[in-house]
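Everything below concerns the one structure shown next.
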Amino acid sequence: QVQLVESGGGSVQAGGSLRLSCEASGPRASRYSMGWFRQAPGKEREGVAVIDSGANTKYADFVKGRFTISQANAKTTLILQMNSLKPEDSAVYYCAAIADRYAGIRYLSLTVSEFAYWGQGTQVTVSS
């Protein structure tokens, strides 16, 4: 199993930047593909970016060129650097680890249902 705790987030004006972090713990946590998801009020949760155990990455089209996902501390820290933020980026952002059946596989997915472990979420608000 994987335990996840997010930090960062907050409020920023359009065009600004924020950095989210997520600490992962648990046996073999570094073997899991990790991702960032977000959910705005009244909308479904959606994938933002994912990184696999080989440091390969995949981004949703709406954040390409603006957001960067990375890992640090022997892959126990997941980071999302968000630049050029827009009001439509406002949402609760969640860190997630992929389901056990994909552990150890370099699998990139932005599908919510394929992720089994979730953090508590952190609010990001972008004002115009």
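- The cluster map of Ile, Leu, Val, Met, Phe, Trp and Tyr, joined by side-chain heavy atoms under 4.5 Å apart, puts L18 and F62 in the same cluster.
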Result block: side-chain N/O donor-acceptor pairs under 3.5 angstrom for residues 24-33, not counting sequence neighbours:
residue, atom, partner, partner atom, Å
S25, OG, Q3, OE1, 3.4
Y32, OH, D100, OD1, 2.8
S33, OG, Y107, O, 2.7

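- Summarising the geometry of V48 relative to Y93, their closest heavy-atom pair is CG2-CE2, 4.3 Å, with the distance given to 0.1 Å.
- Classification of D61 and K64 as a salt-bridged pair holds, one side-chain N sitting under 4.0 Å from a carboxylate O.
- Nearest heavy-atom pair across R38 and E88 is NH2-O, 4.0 Å.
- A donor-acceptor contact shorter than 3.5 Å links the side chain of S90 to the backbone of V126.
- For the pair W118/V112, a side-chain contact is recorded, criterion being any heavy-atom separation below 4.5 Å from C-beta on.
- The 12-atom threshold is not exceeded at CD of Q13, counting heavy atoms of other residues, nucleotides or ligands nearer than 6.0 Å.
- The two residues T76 and N73 come nearest to each other via the heavy atoms OG1-O, 2.6 Å.
- In terms of heavy-atom proximity, L20 sits nearest to G9 at CD2-N, 3.1 Å.
- Of all heavy-atom pairs between S127 and P87, the closest is C-CG, 4.5 Å.
- Shortest non-hydrogen contact noted between L4 and C95 is CD1-O, 3.7 Å.
- Linking ILVMFWY residues whenever their side-chain heavy atoms come closer than 4.5 Å, directly or via other members, places Y117 and I105 in the same cluster.
- Distance alone, capped at 3.5 Å, is enough to place a donor-acceptor pair between the Y59 side chain and the I69 backbone.
- No more than 12 heavy atoms of other residues, nucleotides or ligands lie within 6.0 Å of CD in Q1, so this atom counts as exposed by the packing criterion.
- With values rounded to the nearest 0.5 angstrom, Q81 atom CD is found 8.5 Å from S70 atom OG.
- Each salt bridge (Lys or Arg N to Asp or Glu O under 4.0 Å) pair with one or both residues in residues 102-118, not counting sequence neighbours, would appear here, but there are none.
- The structure places CE of M34 at 9.5 Å from OG1 of T77, a figure rounded to the nearest 0.5 Å.
- In this structure a side-chain-to-backbone donor-acceptor pair under 3.5 Å is missing from T111 to S113.
- The local environment of CD in Q120 is crowded, with over 12 non-hydrogen atoms from other residues, nucleotides or ligands closer than 6.0 Å.
- Listed for the E6 side chain is a donor-acceptor partner under 3.5 Å among the backbone atoms of G121.
- Under the 4.5 Å side-chain contact rule for hydrophobic residues, I79 and F67 do not share a cluster.
- Annotation: side chain of F115 is not in contact with side chain of R45 (no heavy-atom distance under 4.5 Å).
- Judged purely by atom type and a 3.5 angstrom limit, K58 has no side-chain atom pairing as donor or acceptor with the backbone of L110.
- Counting only heavy atoms from C-beta outward, the side chains of M82 and D89 never approach each other to under 4.5 Å.
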